[in-house]
Amino acid sequence: MNAATARAPHYWLMKSEPDECSIDDALAAPGQTVPWTGVRNYQARNFMRDGMQVGDGVLFYHSSCPEPGIAGIARVASEVRTDPTQFDPASPYHDGASKPDAPRWLLRDVQALRKTRLLPLAELRAHPGLATMVVLQRGSRLSITPVEPGHWTLIVDGLLGGR
DNA sequence: GCCAACGTTGGC
DNA sequence: GCCAACGTTGGC
């Protein structure tokens, strides 16, 4: 990496069902790092493949649960690689149409940095400064969305008070 | 390429 | 469990 190839960090919001992998689960994993398996949407996959860079900031979001919202801070911890669950017939993420010599689905490793207070979806929606957040747009269902630097700062340093 | 049918997401 | 919204599939 040199000055010509370096770029400012990007930021992301990544949804996880806490029943499957909560922020506590991620913090308890070896190296506080988990493979982000199960992404089966091309746009979200492309964000991981083309948009992310090791070190990018991640808002760790709990979805499909009693208290949806941001639960922690993490970072992108690996280059993109094949998601092995697509080839596992026993996995709910199995994709029989994906061939090992041309894997359809990819993942990044994600390292949890810290748990935050649960910042509820309703609080995100209520904040005027976050009105244009991608994840808050009507009909947005993507499990991975980009986060603008200003939104990151507002959330991490503002609403979460840096804690 | 169109588009209806179907499947999935995810908040409520 | 409901349902709005969106993505994918597949016939034509």
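Taking atom CD1 on Ile144(A) and atom C1' on dG10(B), their separation rounds to 16 Å, with Å as the unit. Atom-to-atom, CG of Leu136(A) to C1' of dG10(B) comes out at 14 Å; the value is rounded to the nearest Å. Atom CD in Glu123(A) sits about 17 Å away from atom C1' in dG11(B), given to the nearest Å. When the P atom of dG10(B) is taken as reference, atom CG of Leu124(A) falls 15 Å away, rounded to whole Å. The NE2-C1' distance, from His62(A) to dT9(B), rounds to 17 Å in whole Å. Computed from coordinates, the Leu142(A) CG to dG10(B) P distance equals 9 Å when rounded to whole Å. Going from atom CD of Glu67(A) over to atom P of dG10(B) covers 18 Å, rounded to whole Å. The interatomic distance linking Arg40(A) (CZ) with dT9(B) (P) rounds to 11 Å, in whole Å.
In the model, Gln86(A) has a side-chain atom that pairs as donor or acceptor with a side-chain atom of Ser98(A) under 3.5 Å. Remark: the Thr85(A) side chain and the Asp88(A) side chain contain no N/O donor-acceptor pair separated by less than 3.5 Å.
Of the side-chain N and O atoms in Lys15(A), one or more sit less than 4.0 angstrom from OP1 or OP2 of dG10(B).
Apart from Val80(A) itself, the hydrophobic cluster it occupies contains Leu106(A), where clustering links Ile, Leu, Val, Met, Phe, Trp and Tyr at side-chain heavy-atom distances under 4.5 Å. Side-chain contacts under 4.5 Å among hydrophobic residues (ILVMFWY), followed directly or transitively, place Val58(A) together with Trp12(A), Met14(A), Ile23(A), Leu27(A), Val34(A), Trp36(A), Val39(A), Phe47(A), Met48(A), Met52(A), Phe60(A), Val76(A), Val110(A), Leu142(A), Ile144(A).
Electrostatic pairing of Glu123(A) and Arg117(A) counts as a salt bridge here, judged by a charged N lying under 4.0 Å from a carboxylate O. With respect to Arg104(A) and Asp83(A), no salt bridge is recorded, no charged nitrogen being found less than 4.0 Å from a carboxylate O.
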Would you give a per-nucleotide map of nucleotides 1-8 of chain B, 5' to 3', where B means the base has a protein non-hydrogen atom under 4.0 Å away, S means only the sugar-phosphate does, and - means neither?
------BB

